Amino acid sequence: MDTYRSGGSGGQHANTTNSAVRITHVPSGITVSIQDQRSQHMNKAKALKILCAKLYEIERLSSQSSRSKLRLEQIGSGDRSERIRTYNFPQGRVTDHRVGITTHSIDDVLQGEDLDAFIDALLLRQEMDVIASFSST
């Protein structure tokens, strides 16, 4: 926190009083300078309010971007290339695009009887993704 003589009009009072305030937030490097009021205390209070508002806005934007990134990972872009499973009724085929498994018994899959191959492959992929995330950090 620095104090200095304010510039501009004000006459003899401005030339003799250190009423301007400059506050620097060291971790972020944000600097706020105020010389609106005649009182150093009022300038200090106003500068602290402005600094707090700027820091809050930075934190809010950071939080919002992390939430939107997480949401985008969960939802995806809705692009056709992000399809999960294809049911081809004329050929009696079901393909899970996440793990690359295809079965030709669509009736059994729709009845819930032939899902073990899909479930096992998805669980294996989930375990591999967890292992990969540990090794990348």
Side-chain angles (χ1 to χ4, degrees):
M1 185 176 305
D2 299 327
T3 58
Y4 57 95
R5 293 190 174 110
S6 61
S9 62
Q12 185 177 1
H13 178 75
N15 295 333
T16 59
T17 307
N18 289 335
S19 61
V21 176
R22 179 184 309 120
I23 299 176
T24 303
H25 185 254
V26 176
S28 65
I30 296 175
T31 302
V32 176
S33 298
I34 298 291
Q35 57 184 5
D36 294 346
Q37 306 295 326
R38 292 184 68 166
S39 166
Q40 178 182 351
H41 299 292
M42 293 175 74
N43 282 335
K44 180 180 173 184
K46 190 172 183 180
L48 284 173
K49 283 182 182 180
I50 291 173
L51 181 63
C52 286
K54 286 185 177 187
L55 291 173
Y56 175 76
E57 183 66 20
I58 289 172
E59 183 63 29
R60 188 185 66 80
L61 289 175
S62 171
S63 173
Q64 183 181 10
S65 68
S66 66
R67 276 185 300 195
S68 65
K69 181 181 176 185
L70 180 63
R71 181 170 168 79
L72 185 62
E73 288 175 2
Q74 291 174 351
I75 294 176
S77 65
D79 191 23
R80 186 178 169 104
S81 64
E82 290 185 349
R83 62 184 178 220
I84 295 173
R85 197 170 293 130
T86 300
Y87 296 90
N88 188 330
F89 288 97
Q91 296 177 3
R93 177 173 44 94
V94 178
T95 303
D96 193 313
H97 301 285
R98 296 173 290 184
V99 291
I101 293 180
T102 300
T103 183
H104 292 281
S105 56
I106 193 168
D107 293 329
D108 293 339
V109 171
L110 291 176
Q111 296 295 325
E113 297 170 2
D114 196 17
L115 295 175
D116 292 335
F118 294 115
I119 293 171
D120 292 340
L122 287 169
L123 289 174
L124 180 63
R125 175 161 179 188
Q126 183 180 12
E127 290 174 4
M128 296 299 286
D129 288 343
V130 169
I131 292 171
S133 70
F134 282 131
S135 65
S136 67
T137 55

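Predicted model only: the values in this text are computed from it and were never measured.
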Would you call V109 and L115 a side-chain contact if the rule is heavy atoms closer than 4.5 Å?
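V109 vs L115: side chains touch.
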Shortest non-hydrogen contact from [X] to [Y]?
X: R22; Y: S33; value: CG-OG, 3.5 Å
X: Q37; Y: S19; value: O-OG, 4.2 Å
X: D114; Y: S105; value: OD2-OG, 2.7 Å
X: Y87; Y: I106; value: CB-CD1, 4.1 Å
X: Q40; Y: T3; value: NE2-CG2, 2.7 Å
X: A117; Y: I101; value: O-CD1, 3.6 Å

I need the [X] [atom1] to [Y] [atom2] distance, nearest 0.5 Å.
X: R60; Y: L55; atom1: CZ; atom2: CG; answer: 13.5 Å
X: L122; Y: I119; atom1: CG; atom2: CD1; answer: 8.0 Å
X: H25; Y: S28; atom1: NE2; atom2: OG; answer: 5.0 Å
X: T95; Y: F118; atom1: OG1; atom2: CZ; answer: 7.5 Å
X: N18; Y: N43; atom1: CG; atom2: CG; answer: 11.5 Å
X: K44; Y: L48; atom1: NZ; atom2: CG; answer: 6.5 Å

N/O donor-acceptor pair under 3.5 Å between S68 side chain and Q64 backbone:
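Checking the backbone N and O of Q64 against the side chain of S68, a donor-acceptor pair under 3.5 Å is found.
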Please identify each residue that fulfils side chain to side chain contact (heavy atoms under 4.5 Å, CB included) with I50, with sequence neighbours left out.
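Scan of I50 (side chain to side chain contact (heavy atoms under 4.5 Å, CB included), adjacent residues dropped) gives V32, I34, K46, K54.
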Show every salt bridge (Lys or Arg N to Asp or Glu O under 4.0 Å) that has at least one partner inside residues 84-105, sequence neighbours left out.
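Every pair satisfying salt bridge (Lys or Arg N to Asp or Glu O under 4.0 Å) with a residue in residues 84-105: R85-D96, D96-R98.
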The test is side-chain contact (heavy atoms from CB on, under 4.5 Å); show your working for V21 and Q35 and say whether it passes.
CA-CA 6 Å; V21 176; Q35 57 184 5; over 6 Å; no
May I ask whether F134 and M128 are part of the same hydrophobic cluster, defined by side-chain heavy atoms of I, L, V, M, F, W, Y residues being less than 4.5 angstrom apart, directly or through others?
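Different clusters.
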Once side chain to side chain donor-acceptor pair (under 3.5 Å) is applied, what residue pairs with a partner in residues 121-132 remain, sequence neighbours excluded?
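Matches after skipping sequence neighbours: none remain.
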Worked verdict on T24 versus I30 for side-chain contact (heavy atoms from CB on, under 4.5 Å)
CA-CA 6 Å; T24 303; I30 296 175; over 6 Å; no
